[in-house]
Amino acid sequence: MPSTAFLLAGLAATGALASPLAHPRVGTAVGQSLSVEQVRNAQFAGRHGPFALAKAYIKYGAPVPGDLSAAVARLLQELGLDKRATGSVVATPAQYDAEYLSPVSIGTPAQTLMLDFDTGSSDLWVFSSETPKSSVQGQTVYNPSKSSTAKKLSGATWKISYGDGSSSSGSVYTDKVTIGGLSVSNVAVESAQKVSREFTAEADLDGLLGLAFSSINTVQPTQQKTFFDMAKPSLDSAVFTADLKYGKAGKYNFGYIDDSAYNGSLTYTAVDSSNGWWMFTSPGYAVGSGTLDSTSITGIADTGTTLLLVPSSVVTTYYKQIRNARYDSSQAGYVFPCSTSLPSFTYAVGNSQIVIPGKYINFAPVDSAGSSCFGGIQSDEGIGFSIFGDVALKAAFVVFDGSQSPRLGFASK
Ligand SMILES: CNCc1ccc(Oc2cccnc2)o1
């Protein structure tokens with residue numbers, strides 16, 4: 001909920017706190033006299049003593065006394081002026097929950113693309129009219145020349161590569177972006193002039209929408225803000241939530257926490273955003289009904305990564321519990337017979353725990369025969385930190401709190 005002072009300053013800025021008669025037009029000087037016509041201030045929020053009184057305090061930079069602040073807050077609420085923006089959009093899983101796609105409207109008139117919301121990166125990039133035709137195979141493209149609100153960001157370029165080896169690059173526009181009813185103007189929309197073959201192969205994915213911190217946005221020479229950072233000033237609360245699901249559509253919400261979407265309570269844990277990611281430390285894990293092992297796991301909450309990637313010692317401990325599970329070097333990962341009944345995997349968050357049901361850890365068959373299946377838990381070897389990807393996140397309701405001190409909230413559901 002924005003502070004009263006913040007709302008008051010906003011109202012003052014709009015002139016809503018000004019007097020009903022404002023914006024005097026400059027009169028005409030006739031001889032020594034001057035006549036000044038006054039016009040009604042259409043934005044005036046009405047005669048309200050507390051506003052008038054508070055305006056004086058704001059005008060002279062004096063702190064608004066407690067009871068006046070409370071009176072103003074009540075008035076703002078009564079007048080519905082404390083309502084801020086929120087948004088809510090469906091997240092539909094692609095094949096085997098490999099990624100989740102959400103509709104995003106860009107430009108005027110709206111061009112709606114299906115984007116992969118990625119809390120592990122900070123670029124909003126799209127297939128576009130500038131993407132080589134040979135690289136576009138089924139994707140919907142954004143055409144800035146067809147948007148009256150698109151503006152070329154002159155001289156700006158971007159280039160990004162992802163953990164799975166895929167990459168893309170191009171030019172930059174700013175345009176209006178709307179997600180689930182939440183519209184934000186002048187958002188950086190990065191137009192792909194090159195995409196790697198992995199993206200070309202994914203006909204349903206029209207681009208990515210980065211939700212990590214703007215400090216790792218790749219636009220040069222002037223780094224750009226993420227959609228979330230651009231939306232923050234209008235949001236009821238500086239948060240977004242990820243409610244991904246196993247084999248069915250989940251939801252991303254912006255600006256509010258839907259307390260009916262989870263069980264019990266949220267447990268918050270500290271975030272180290274110094275590298276631009278939502279990085280946190282899980283104080284322990286358990287396999288199946290086993291006791292919690294207090295080996296801590298430090299990693300990022302990454303909706304753009306499919307699997308749960310953890311230290312090799314944890315991976316070995318997990319698959320040791322499964323007869324016929326083995327490391328298959330040809331797949332570069334642990335596999336097991338697809339008919340296997342898998343143990344759950346629990347990761348601690350503060351003093352609480354998130355349980356990933358065993359079935360979430362059967363990612364997909366490795367071959368058309370479907371006899372051998374690839375594990376949803378694999379090693380983070382070589383990355384430098386763990387990655388709590390979709391396999392881990394879809395077992396929870398996750399709050400990405402982007403306030404002054406960013407934090408993550410987890411709840412079971
Ligand atoms: C699956 N390859 C193409 C692709 C789809 C989504 C992404 O983006 C990623 C990949 C890995 C980590 N984070 C984001 O790449």
Side-chain angles (χ1 to χ4, degrees), residues 91-104 113-128 131-132 135-142 158-170 189-219 226-228 240 242 244 250 252 273 275-279 299-310 331-333 363-366 374-394 398 400:
T92 305
Q95 198 80 333
Y96 302 112
D97 295 0
E99 60 215 13
Y100 293 79
L101 301 173
S102 299
V104 176
L113 279 65
M114 296 302 287
L115 304 186
D116 180 0
F117 287 17
D118 178 13
T119 60
S121 67
S122 304
D123 286 50
L124 191 176
W125 73 264
V126 291
F127 276 76
S128 74
T131 312
S135 297
V136 182
Q137 293 181 12
Q139 291 81 6
T140 298
V141 303
Y142 164 64
W158 60 281
K159 178 173 176 48
I160 195 164
S161 54
Y162 298 100
D164 65 352
S166 56
S167 62
S168 51
S169 63
V189 178
E190 302 170 27
S191 164
Q193 292 172 323
K194 272 188 195 159
V195 295
S196 64
R197 64 187 188 294
E198 295 91 349
F199 285 113
T200 296
E202 295 192 33
D204 298 337
L205 180 144
D206 305 327
L208 266 75
L209 187 135
L211 292 169
F213 293 83
S214 298
S215 58
I216 56 173
N217 171 269
T218 74
V219 174
T226 63
F227 169 82
F228 178 50
F240 67 88
L244 302 179
Y252 285 101
S273 62
N275 291 303
W277 293 303
W278 295 91
M279 182 171 277
I300 65 173
D302 182 1
T303 56
T305 289
T306 308
L307 307 181
L308 168 57
L309 308 180
V310 290
Q331 298 295 328
F363 172 56
V366 296
F374 196 76
I377 296 176
Q378 298 294 344
S379 171
D380 65 8
E381 188 72 39
I383 297 175
F385 46 85
S386 295
I387 301 188
F388 292 84
D390 300 333
V391 161
L393 301 181
K394 69 177 128 175
V398 189
F400 291 78

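Ligands are counted one by one from 1 in listed order, and the atoms in each one are counted from 1 as well. Given the structure is predicted, the values throughout are model-derived calculations rather than measurements.
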Practice task
Check whether the ring centres of W278 and F400 lie less than 6.0 Å apart, and answer yes or no.
Solution key: yes

Problem - Subset of ligand 1 atoms that lie under 4.0 Å from at least one heavy atom of T305 - result: 12 (C), 13 (N)

Completion exercise
Numbered in order shown, the ligand 1 atoms found under 4.0 Å of a heavy atom of D116 are 6 (C)

Practice task
List every atom of ligand 1 that sits less than 4.0 Å from any heavy atom of E99, numbering the atoms from 1 in the order shown and giving each element.
Solution key: 5 (C), 6 (C)

Handout entry: Identity and separation of the nearest protein heavy atom to atom 13 (N) of ligand 1
Key = G304 O, 3.3 Å

Problem - Test side chain to side chain contact (heavy atoms under 4.5 Å, CB included) applied to T226 and L124, step by step - result: CA-CA 7 Å; T226 63; L124 191 176; over 6 Å; no

Handout entry: Any side-chain donor near an acceptor of the partner, S161 and S167, under 3.5 Å
Key = no

Completion exercise
Under 4.0 Å from one or more heavy atoms of S166, ligand 1 contributes atoms 3 (C), 4 (C), 15 (O)

Handout entry: F363 and F374 aromatic ring geometry - parallel, tilted or perpendicular at 30°/60° bounds
Key = perpendicular

Problem - Numbered atoms and elements of ligand 1 in range of L208, under 4.0 angstrom, heavy atoms - result: 8 (O)

Exercise for the section: Locate the shortest heavy-atom distance separating G207 from F127; write the atom from each residue and the value. Expected result: N-CD1, 4.3 Å

Completion exercise
for atom 1 (C) of ligand 1, nearest protein heavy atom and its distance come out as E202 OE2, 2.8 Å

Problem - Shortest protein heavy-atom distance from atom 2 (N) of ligand 1, along with the residue and atom involved - result: D164 OD2, 2.6 Å

Practice task
Starting from atom 4 (C) of ligand 1, find the nearest protein heavy-atom neighbour and note its residue, name and distance.
Solution key: F199 CE2, 3.3 Å

Problem - Distance-only donor-acceptor check, side chains N217 and S214, under 3.5 Å - result: no

Practice task
Report the residue from Y162, F227, W158 that forms a ring-ring contact (aromatic ring centres under 6.0 Å, His included) with W125.
Solution key: W158

